[in-house]
Amino acid sequence: MKAVQKWSVTVALAGFLFGFDTVVISGANLPVKELWNLSPWFHGLFIMSMALWGTVLGSLTGGIPCDKFGRKKTLFWIGILYFASALGSALSPDPYLFSFFRFIGGVGVGASSVAAPTYISEITTASNRGKLVALYQFNLVLGILIAFFSNYLLEGFQGENDWRWMMGVEAIPAFLYTVLVMTVPESPRWLLHKKKDEQGAFAVLNQVYDKQETQRKIDSIKTELAKTTDDVKLFTARFKKPLILAFLIAFFNQVSGINFILYYAPEILVKAGLATEDSLLNSISIGVVNLIFTFVGVGLIDRLGRRTLMFIGSFGYIISLVTVAWCFYSGASPALLLTFILIFIASHAVGQGAVIWVFISEVFPNKVRAYGQSWGTGTHWVFAALITLLTPVFLDGENGIFKDNPWPIFAFFAFMMFLQLLFTKFMMPETKGISLEELEEKILG
């Protein structure tokens, strides 16, 4: 395996922990609610969405350690946060400590969505950047699948303590990731920007390019860095366009309803008419489809481009969400509804899922990339947290606004995906096959 591929795969394992950590809660959702007799508001805020509020903090502030201490050190401490969260939440005696450790894990998730795509985008070539950054998304959906599968296997393992094993098993991959990430080098662009270490940057890039191309790449990076002062600020008129692009792609990612479905899959499937004992098993089908079509998205992103995948995904979103809303409204068969939920998942995996982390990591210049990544991912997680917080208020069987028939929620998501289609058509630039330095010229002008 080439060095850059090895580094990318290692760092992308943060995405596996991201996916596992955020979705494993679906197996503990109902058992924890019953164990501690929680109200819908308390359950939504302290149990289901607390990790996401940690993710908001981690994503909004993750650019600071990335920029100050380096991508590698940040990635290492992310592994420590995942490990602590897994053990702590599994052993928690009450909902407050459980919420605290879920929050800690969320900080790791948020920071990883800044550090990992940023790192991978900075160590790879323009021709392979989409594919390698998308490894983060691939590992994310692999983590989601393994979390669903793990929850299913651990159901009945130790009765009322099943959920503790579901939460705690994440400590194993978290430990392995933390050890492996120590073997990767620092980002050459960070070395040039913050350490002025041309020799160190050359040593890293020389494992990606031949000697002459390495020197040309270093000269190009130094030229780009010299164009702006060291105290450059992200929130200025100069960076208005990438700020808007990152905000919108992250906003549309969440108002597609993806986390609504992933986090509450067993509960939604029960409301669709599937037996409670089958809901965890059927959740695995969601993870399998997500993984298969992420393979497709990763394979196509550097061939067809980011915009084409977004077009494909947007049309798939609209068709599937409208049909799911109709299924709930009309009481159509659970099998038909599950089919279109799986089509929704496939559309997400090929489109937004494959594109979001790649696109956000590309549209900002070197000097503000870590902070720009924080802006985009922070937007993503704020809306993810809000949606997850509010979901019990809509879905709760006794006090929920829609109770057993949440068709208006899916109709709303379908309308938002029509707006995403317009964004893709009229605002989103194509970024495939262009170096990060050339993209700065294209986007900022």
Side-chain angles (χ1 to χ4, degrees), residues 1-18 65-67 69-79 112-140 142-143 173-222 224-225 294-295 298-299 301-303 354 357-358 361-362 366 369-370 373 431-439:
M1 180 183 293
K2 292 182 180 179
V4 68
Q5 292 173 320
K6 181 181 178 181
W7 303 333
S8 298
V9 168
T10 299
V11 170
L13 290 175
F16 176 90
L17 294 167
F18 170 166
C66 266
D67 193 58
F69 303 113
R71 291 35 166 160
K72 179 179 178 178
K73 286 183 180 178
T74 304
L75 288 162
F76 170 80
W77 283 104
I78 285 167
S112 82
S113 64
V114 175
T118 297
Y119 177 90
I120 298 171
S121 73
E122 291 182 342
I123 56 103
T124 188
T125 63
S127 60
N128 288 321
R129 188 176 61 242
K131 178 173 62 179
L132 291 180
V133 176
L135 281 175
Y136 181 75
Q137 176 67 14
F138 170 77
N139 276 276
L140 191 162
L142 179 61
F175 176 77
L176 293 175
Y177 160 78
T178 305
V179 172
L180 288 172
V181 83
M182 290 189 289
T183 66
V184 305
E186 183 52 85
S187 159
R189 286 175 169 84
W190 184 83
L191 289 172
L192 284 170
H193 179 205
K194 289 295 181 179
K195 294 295 186 181
K196 310 299 187 232
D197 183 3
E198 186 171 336
Q199 184 176 357
F202 187 95
V204 177
L205 289 171
N206 199 37
Q207 297 184 65
V208 182
Y209 306 96
D210 61 38
K211 192 171 183 178
Q212 282 188 321
E213 183 61 26
T214 296
Q215 190 57 55
R216 283 197 294 269
K217 182 59 63 175
I218 285 179
D219 292 341
S220 174
I221 296 169
K222 289 169 64 178
E224 186 270 321
L225 290 172
T294 296
F295 262 123
V298 170
I301 192 167
D302 283 321
R303 298 179 187 178
W357 308 115
V358 177
S361 73
E362 293 174 326
N366 288 321
R369 181 166 299 111
Q373 189 81 15
T431 58
K432 75 162 184 170
I434 307 173
S435 74
L436 295 176
E437 289 67 40
E438 290 170 334
L439 275 173

(message) Restricting to salt bridge (charged side-chain N to carboxylate O under 4.0 Å, His left out), what partner residues turn up for Arg216, sequence neighbours left out?
(response) Glu213

(request) Would you check if Leu140 and Trp357 make a side-chain contact, meaning some heavy-atom pair closer than 4.5 Å? (result) yes

(request) Kindly compute the distance separating CZ (Arg189) from OG1 (Thr118), expressed to the nearest 0.5 Å. (result) 11.5 Å

(request) Would you mind reporting whether Phe76 and Thr178 have side-chain heavy atoms less than 4.5 Å apart? (result) yes

(request) Rounded to the nearest 0.5 Å, what's the gap from CZ on Phe18 to CG on Asn139? Could you check? (result) 11.5 Å

(message) Determine whether a donor-acceptor pair (N or O, by modelled atom type, separation under 3.5 Å) exists between the side chain of Lys2 and the backbone of Val208.
(response) no

(request) Locate the shortest heavy-atom distance separating Ala14 from Tyr136; write the atom from each residue and the value. (result) C-CE1, 4.0 Å

(request) Before giving the answer on side chain to side chain contact (heavy atoms under 4.5 Å, CB included), spell out for Gln137 and Thr294 the whole-Å C-alpha distance, their side-chain angles and the decisive distance to 0.1 Å. (result) CA-CA 8 Å; Gln137 176 67 14; Thr294 296; 4.2 Å; yes

(message) How long is the straight-line distance from CG of Leu192 back to CG of Leu205, given to the nearest 0.5 Å?
(response) 7.5 Å

(request) Measure the CG-CD1 distance between Leu225 and Ile218 for me, rounded to the nearest 0.5 Å. (result) 11.5 Å

(request) Keeping the roles fixed (side chain from Trp190, backbone from Asp67), state whether a donor-acceptor pair exists under 3.5 Å. (result) yes

(message) Measuring only between side-chain heavy atoms, which start at C-beta, is Lys72 closer than 4.5 Å to Val181?
(response) no

(message) Between Ser361 and Val358 (side chain of the first, backbone of the second, donor and acceptor by atom type, cut-off under 3.5 Å), is there such a pair?
(response) yes

(message) Just verifying a value: how many Å separate Thr124 OG1 and Ile120 CD1, rounded to the nearest 0.5 Å?
(response) 9.0 Å

(request) Under the salt bridge (charged side-chain N to carboxylate O under 4.0 Å, His left out) rule, collect the residues that match up with Glu186, sequence neighbours excluded. (result) none

(message) Under the rule for salt bridge (charged side-chain N to carboxylate O under 4.0 Å, His left out), what residues qualify as partners of Lys222, not counting sequence neighbours?
(response) Glu198

(request) Using modelled atom types only, decide if a donor and an acceptor are shared between the side chain of Ser121 and the backbone of Pro117 within a distance under 3.5 Å. (result) yes

(request) Determine the minimum heavy-atom distance between Val4 and Leu132, stating which atoms define it. (result) CG2-CD1, 4.4 Å

(request) Output every pair passing salt bridge (Lys or Arg N to Asp or Glu O under 4.0 Å) with a member in residues 116-132, not counting sequence neighbours, ordered by first then second residue. (result) Arg71-Glu122, Glu122-Arg369, Arg129-Glu362

(message) Could you work out, with ring-ring contact (aromatic ring centres under 6.0 Å, His included) as the rule, every residue matching Phe295, not counting sequence neighbours?
(response) Phe138

(message) Is the shortest side-chain heavy-atom distance between Phe16 and Pro173 below 4.5 Å?
(response) yes

(message) So, using side chain to side chain contact (heavy atoms under 4.5 Å, CB included) as the criterion, who are the partners of Ser127 when residues are at least two apart?
(response) Thr125

(message) Applying side chain to side chain donor-acceptor pair (under 3.5 Å), can you list everything that pairs with Ser435, at least two apart in sequence or on another chain?
(response) Glu438

(request) Would you give the length of the straight line joining atom CG of Asn206 to atom OG1 of Thr214, rounded to the nearest 0.5 angstrom? (result) 4.0 Å

(request) With sequence neighbours excluded, tell me which residues meet side chain to side chain contact (heavy atoms under 4.5 Å, CB included) with Ala115. (result) Cys66, Thr74, Leu75, Ile78

(message) If the condition is ring-ring contact (aromatic ring centres under 6.0 Å, His included), which residues does Tyr177 pass it with, not counting sequence neighbours?
(response) none

(message) Once side chain to side chain contact (heavy atoms under 4.5 Å, CB included) is applied, do any residues pair with Asp197, and if so which ones, sequence neighbours excluded?
(response) Leu191, Lys195, Gln199

(request) Return the set of residues passing side chain to side chain donor-acceptor pair (under 3.5 Å) with Ser113 (not counting sequence neighbours), or none when no residue passes. (result) Trp381

(request) Check whether any side-chain heavy atom of Glu437 lies under 4.5 Å from a side-chain heavy atom of Asn366, and answer yes or no. (result) yes

(request) With sequence neighbours left out, write down each residue that passes side chain to side chain donor-acceptor pair (under 3.5 Å) with Tyr119, or none if nothing qualifies. (result) none

(message) A quick test of your reading: do over 12 heavy atoms of other residues, nucleotides or ligands sit less than 6.0 Å from CZ of Phe175?
(response) no

(message) When you measure from the side chain of Lys432 to the backbone of Ile301, do you find a donor-acceptor pair of N or O atoms at a distance under 3.5 Å?
(response) no

